[in-house]
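Worksheet: one structure, shown below.
Predicted model, so just to flag it, every value in this text is computed and none were measured. Side chains included, hydrogens not; waters and symmetry mates left out as well; all remaining heavy atoms used.
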Amino acid sequence: MTRFIFVTGGVVSSLGKGLASSALGSLLQARGYKVRLRKLDPYLNVDPGTMSPTQHGEVYVTDDGAETDLDLGHYERFTGVASRQSDNATSGRIYSSVISKERHGDYLGATVQVIPHITDAIKDFVCADLGDEDFCLCEIGGTVGDIESLPFLEAIRQLRNDLGAERCLFVHVTLLPYIKSAGELKTKPTQHSVKELLSVGIQPEILLCRADRTIPENERKKIALFCNIKPECVIEALDMDTIYAVPVKYHEQGLDEQVMRYFKLPSEPKPNLTPWKNIVQRIREPEGEVTIAIVGKYTSLLDSYKSLAEALTHGGVANNVRVNLKWLDSQVFENPETLHYLDDVDGILVPGGFGERGAEGKIRAVQVAREKKIPYFGICFGMQLAVIEAARNLAGIPDATSSEFGPSKSAVIGLMTEWIKGDKIEVRKSNGDLGGTMRLGAYPCHLVPGTKVHEIYGTDVIHERHRHRYEVNTTYRKVLEKAGVVFCGMSPDGQLPEMIERKDHPWFVGVQFHPELKSKPLDPHPLFRSFIEAAVKKSRLV
Ligand code: GLN
């Protein structure tokens with residue numbers, strides 16, 4: 001019997017509901033329970049796949065090919081449970097399913113309404129695809145009081161009636177701002193936010209109060225009194241120097257203990273948090289440091305590279321070093337005089353990206369990495385541009401390009417319109433829909449024995465997650481190989497180059513997939529571990 005924990009947020013956005021849910025998930029797991037985490041997003045896009053990364057942050061891709069909210073990345077990093085398509089729904093997805101049923105005539109002449117049809121669809125989603133999970137943590141995106149989130153709040157209110165209080169717990173994340181002139185943390189916004197929730201029939205049982213300093217006992221009691229909550233369920237959530245300290249901190253504040261009490265589950269044995277404590281200690285007291293340049297396009301919002309930044313941190317944890325990230329907008333390298341920005345770095349990474357703007361600057365960064373023997377990691381677009389760089393500068397194809405930038409006779413990177421997924425052929429039109437039509441999700445890749453990546457992974461077949469439309473054009477394979485490009489990972493049918501490396505370089509790897517999506521603090525991804533190891537070696541050479 002799965003119990004549900006609904007996590008809402010109030011006062012302002014960006015309070016860390018995703019992290020709170022992830023941390024609670026990891027605490028319940030450390031107590032031996034099986035968990036699943038999901039997110040309901042109130043916006044109207046069917047999924048975040050078509051949204052700009054600088055507006056909405058990274059699009060997190062699951063094994064089963066869903067394009068989801070970046071909070072699902074936190075869920076996976078903290079719990080290790082692989083997210084699925086059924087773990088993220090938006091208002092857009094819910095409405096489009098209801099509307100297509102209506103068009104199909106499934107409602108038998110009824111007037112289709114928000115209540116009950118939309119709310120029923122939300123409830124179906126929340127309860128679907130669950131097996132022997134002890135807990136399903138369900139985060140409601142947005143802020144309480146938004147018009148958009150009302151159907152979700154109504155649905156979870158109904159669910160508590162349907163399933164009973166013993167199976168549903170409401171947790172609310174809120175803010176206690178510090179007002180300098182008064183010298184106090186203020187509780188009023190929290191009181192109002194809880195009032196707002198009460199007005200839609202939801203009484204939270206646990207409050208997670210974000211604050212930048214300790215909450216005085218009398219303020220905690222005041223919140224408890226005004227919000228109708230037990231004082232021990234008013235939990236302090238202070239800002240942390242690393243997100244991986246959040247589970248231990250919440251445990252110290254009694255969060256998992258209160259959840260146990262609510263559901264009348266045994267409070268003993270306490271969770272074993274030693275692995276988390278070790279990670280935090282390694283992050284806080286590293287033995288050295290390296291600097292990695294990330295040459296990208298969406299550097300104005302660092303959330304657009306969330307998983308990447310985390311995976312690099314994990315690589316640092318594995319090598320006991322701090323990884324300093326030097327975010328560089330690739331467009332600056334269109335002026336060759338700025339290449340000195342790369343002088344003091346121990347590694348260069350070109351991440352995933354879309355479109356022509358900034359691509360030339362990234363190609364210059366690849367060239368610097370290759371020529372100066374700086375460890376280079378090209379992810380998705382970063383691999384494609386590394387292939388273009390080799391084609392232009394080493395294979396004698398000066399106009400080598402990607403068909404993503406327009407038609408060309410030297411499209412070393414070309415649009416993929418047909419490929420194999422499992423035992424099916426996927427087909428795309430070049431002018432088809434943009435949403436949900438890329439090569440998405442986990443695909444197998446065969447590693448070539450004797451290559452660096454084969455040694456790094458220590459296995460023959462890997463499964464990594466994809467999100468792209470274009471591929472290395474194998475018509476150019478021979479000439480690229482002559483230019484030193486080693487095709488070290490291929491799709492099982494040998495048709496799609498999934499990984500490349502160079503023999504004449506200490507560490508030069510390009511991957512068509514997104515390895516950052518599968519890295520976890522307790523299990524750093526082998527490529528990030530190895531890349532940072534190479535960066536450490538490079539830093540010791542100078
Ligand atoms: N724009 C490239 C493509 O669609 C790369 C995508 C990516 O880096 N995720 O193939």
Side-chain angles (χ1 to χ4, degrees), residues 242 244 279 282-296 299 302 305-330 333 339-352 361-383 385-386 389 451-458 464 486 488 499-511 513-521 523-542:
T242 157
Y244 300 118
I279 298 282
R282 274 176 164 238
I283 290 176
R284 287 187 181 149
E285 291 160 33
E287 281 167 5
E289 55 185 331
V290 292
T291 301
I292 303 294
I294 301 173
V295 182
T299 45
L302 295 186
Y305 299 113
K306 191 80 215 155
S307 295
L308 182 66
E310 294 309 320
L312 286 163
T313 303
H314 307 158
V317 167
N319 287 282
N320 229 337
V321 291
R322 170 173 301 125
V323 179
N324 302 316
L325 305 180
K326 187 168 177 178
W327 299 97
L328 296 170
D329 183 328
S330 60
F333 297 125
L339 285 175
H340 63 85
Y341 287 158
L342 297 171
D343 281 351
D344 58 344
V345 302
D346 307 307
I348 296 176
L349 192 152
V350 174
K362 293 178 191 173
I363 293 174
R364 287 234 164 79
V366 176
Q367 186 177 359
V368 171
R370 180 177 58 74
E371 290 175 349
K372 296 198 171 166
K373 310 261 187 249
I374 304 170
Y376 176 76
F377 197 178
I379 294 181
C380 206
F381 205 31
M383 160 168 155
L385 297 175
E389 193 276 331
T451 58
K452 188 190 282 293
V453 295
H454 188 262
E455 187 192 315
I456 294 172
Y457 276 93
E464 295 279 7
V486 178
C488 49
M499 304 176 92
I500 57 143
E501 60 185 53
R502 296 196 65 87
K503 274 215 182 74
D504 56 0
H505 194 284
W507 209 98
F508 191 105
V509 175
V511 297
F513 46 80
H514 288 274
E516 71 273 26
L517 302 178
K518 281 176 74 167
S519 187
K520 298 171 188 79
D523 183 18
H525 191 286
L527 286 173
F528 283 90
R529 181 193 290 259
S530 174
F531 176 54
I532 298 302
E533 192 186 327
V536 172
K537 277 193 198 138
K538 153 92 178 48
S539 74
R540 293 199 177 134
L541 287 178
V542 278

Side-chain contact test, heavy atoms from C-beta onward, threshold under 4.5 Å: evaluate it for [X] versus [Y] and give yes or no.
X    : Y    : result
L328 : L342 : yes
C380 : H514 : yes
L349 : L312 : yes
E464 : V511 : no
F508 : V366 : yes
F513 : M499 : yes
E310 : F528 : no

* **F531 ring center near H525 ring center (under 6.0 Å)** => no

Under 3.5 Å, is there a donor-acceptor pair between the side chain of [X] and the main chain of [Y]?
X    : Y    : answer
N319 : R529 : yes
R322 : P286 : no
K452 : C488 : no

Considering non-hydrogen atoms only, spot the tightest contact between [X] and [Y] and give its length.
X    : Y    : answer
S519 : H314 : OG-ND1, 2.8 Å
W507 : L527 : CZ2-O, 3.7 Å
Y305 : P351 : CE2-CG, 3.5 Å

* Asked: Can you list the steps and then say if V345 with K538 is a side chain to side chain contact (heavy atoms under 4.5 Å, CB included)?
  -> CA-CA 9 Å; V345 302; K538 153 92 178 48; over 6 Å; no

* Asked: For the atom pair CD1 (I348) and CD1 (I294), what is the distance rounded to the nearest 0.5 Å?
  -> 11.5 Å

* Take K518 and D523, measure what salt bridge (charged side-chain N to carboxylate O under 4.0 Å, His left out) needs, and give me the verdict at the end. => CA-CA 9 Å; K518 281 176 74 167; D523 183 18; over 6 Å; no

* Sequence neighbours excluded, every pair satisfying salt bridge (charged side-chain N to carboxylate O under 4.0 Å, His left out) that has a member inside residues 361-370 -> R370-E389

* Asked: Sequence neighbours excluded, which residues qualify as side-chain contact (heavy atoms from CB on, under 4.5 Å) partners of A535?
  -> V290, I292, D346

